[in-house]
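Starting off with a structure, shown below.
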Amino acid sequence: MLSRQFVRENAEMVREAIERKGVTGVDLDEILRIDAEWRELKAEGDDLRHQRNEVSSEIGEYKREGEEEKAQDAIERSSELKAELQRVEDRADELEAKLEARLLEIPNVPHESVPVGEGEDDNVERYREGFDDLWTLPEDVVPHYELGERLDILDFERGAKVSGGGFQFVKGEGARLEYALIQFMLDVHREQEYIDVFPPLPVNSESMRGTGQLPKFAEDAYRIGARQDDDHDDDDLWLLPTAEVPVTNMYRDEILLDDDLPIKHQAFSPNFRREAGEHGTETRGYVRVHQFNKVELVNFVRPENSYERLEGLLSEAEEVLDRLDLPYRVLDMCTGDMGFTQAKKYDIEVWAPGDDMDDGPEEGGRWLEVSSVSNFEDFQARRAGIHYRPERHESAEYLHTLNGSGVAVPRVMVAIMEYYQNDDGTITVPEPLRPYMGGQEVIEGHEPVGESAVGEGDGDA
RNA sequence: GCCAGGAUGGCCGAACGGUAUGGCGCACGCCUGGAAAGCGUGUUCCCUUUCGGGAUUCUGGGUUCAAAUCCCAGUCCUGGCGCCA
């Protein structure tokens, strides 16, 4: 959320931000009108209240001195003021509520360094890593979803049966690989001085609002204990769409000490997303699912350090891919592709050679987004009321929040299954993960279980 | 789940229904050869160019001219009892 004062004083900058981010349905001029009227009423109400306070203390004095008549007169005057005040303040409250609601729908203003653009084609590629000395791929790389079923380590059909489309079982050596990845990532980030947090998975509406998922993006999240489209209030619970929500809100409505900063938390959690309407070849397999694991990095910093920290956060997230020797690229996201809450955002996309797609690299395959690294500046801090006190005797200021996936586990699984694939259809376990798998070097898969597997043709699932 | 008690500034902690006492911490100043102590001022948010004003005792309602204080509902904390992995 932007502050009223900021919107008031930088109306043109805000207007531009709304336009560049392609946000519709926000009437800035109306917001400014409401604000102006509210301030007028606020002044009027303050004045009435001042009068009433004076009369009120007179009443107290008269009562103490036993001057009943004078007190009665004053009480009458006070009643008149009360009625007048009621009228003015009711109207002011109404406007203020409207104003707050509208402000929540204004997107964050992009940082000046953000490339201007409409959509994903306008994102700027900053650099690529890991393409110099590539792993030797098989002639034809089998897409992970096919390989996963062949090795019986990914089972989408039974996931759909048990929970619905977009849910999956990860089995045997696949599950083991996933656990290994998670433990490996957590260890990498511990080296980078991250403090672990294992958060609650349901979060309330206020938390969702604090990080910006509500009110605009309610349809993306799973609701607990209410119908999806009921009006939501503060007691409702949602399944977290990312650990960013509980971890950022952990310090909601608090004032941190200057000495506390910077705070670096990492949180492993499953993430739940409805992903309504997202189906097709690009999302097939373990790429865009309703439940997936992720290690999230969340930083709380002093405002003057947040852009330096953004670069640090990016390299901390990259470290995971560097050590796994997976090729990837880093994108500087443009205004139109950036999202509601961010002031600046980098995406890290790993190379998955299994499916050739138009926008993939020359080597074939495709890019898969595994991490978004963002600076929210004080946008979330203001929504969530997270302050710090630069000097002990001074008033509190909003701090800056940043986060980055460090990184989305399933898509790294996809990259490993496709990039470290061998001619014989086995998968080589990247070296840094072997200690987490009891030294295992190769994933060979399992014999499938059940009648449906009998008589199945070779590789033609 | 039931019963009882509680929630006041960064922290501690007062306040017969009459407009939030005081201390600690922190900052600045005075004092001092220097420091400590001592003394003084300041230390939440909003509106206002200034002067100034308003709000704020967990949250939301109610009673009253007036609520930290009384009533109702809720949230969280503490203790006791029950239930249960």
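If you're wondering where the values come from, they're calculated on a predicted model, not measured in any experiment. Throughout, protein chains are lettered first and strands after them, A, B, ... in sequence-line order, and every chain is numbered starting at 1. Keep in mind that the numbers below use all heavy atoms, side chains included, and drop hydrogens, waters and symmetry copies.
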Open item on the list: My understanding is that only residues two or more places apart in sequence, or in another chain, count here; which of them pass side-chain hydrogen bond (donor to acceptor under 3.5 Å, both in side chains) with A:S372?
Closed with: A:D347, A:E369
Task: Pairing residues for A:H111 by the side-chain hydrogen bond (donor to acceptor under 3.5 Å, both in side chains) criterion, not counting sequence neighbours - done: A:S113
- [ ] Could you list the residues that satisfy side chain to side chain contact (heavy atoms under 4.5 Å, CB included) with A:R126, not counting sequence neighbours?
- [x] A:E311, A:L314, A:V330, A:D332, A:Y346
Task: Dot-bracket line, read 5' to 3' along RNA chain B, where crossing pairs take [ ] and | marks a partner on another strand, Watson-Crick or G-U under 3.5 Å - done: (((((((..(((.....[...)))((((((.......))))))((((....))))..(((((..]....))))))))))))....
Taking only nitrogen or oxygen atoms into account, show me every contact under 3.5 Å that the protein makes with nucleotides 8-13 of chain B, one pair per line with its distance.
from, atom 1, to, atom 2, distance (Å)
B:G10, OP1, A:R389, NH2, 3.2

Open item on the list: Please encode protein proximity along nucleotides 59-72 of chain B as a string of B, S and -, counting only heavy-atom distances under 4.0 Å.
Closed with: ------BS------
Open item on the list: By the side chain to side chain donor-acceptor pair (under 3.5 Å) test, which pairs, at least two apart or in different chains, include something from residues 94-103 of chain A?
Closed with: A:R4-A:E96, A:R4-A:E100, A:E30-A:R102, A:R91-A:E94
Task: Which residues share a side-chain hydrogen bond (donor to acceptor under 3.5 Å, both in side chains) with A:Y307, sequence neighbours left out - done: A:E377
Task: salt bridge (Lys or Arg N to Asp or Glu O under 4.0 Å) partners of residues 261-270 of chain A, not counting sequence neighbours, each pair once - done: A:K264-A:E316
- [ ] Under the side chain to side chain contact (heavy atoms under 4.5 Å, CB included) rule, collect the residues that match up with A:R273, sequence neighbours excluded.
- [x] A:P241, A:T242, A:N271, A:E275, A:F292, A:K294
Open item on the list: Once ring-ring contact (aromatic ring centres under 6.0 Å, His included) is applied, what residue pairs with a partner in residues 186-212 of chain A remain, sequence neighbours excluded?
Closed with: A:H189-A:Y194
Grab the N/O contacts between the protein and nucleotides 50-53 of chain B below 3.5 Å, and write none if there aren't any.
from, atom 1, to, atom 2, distance (Å)
B:G53, O3', A:H50, ND1, 2.8
B:G53, N2, A:D46, OD2, 3.2

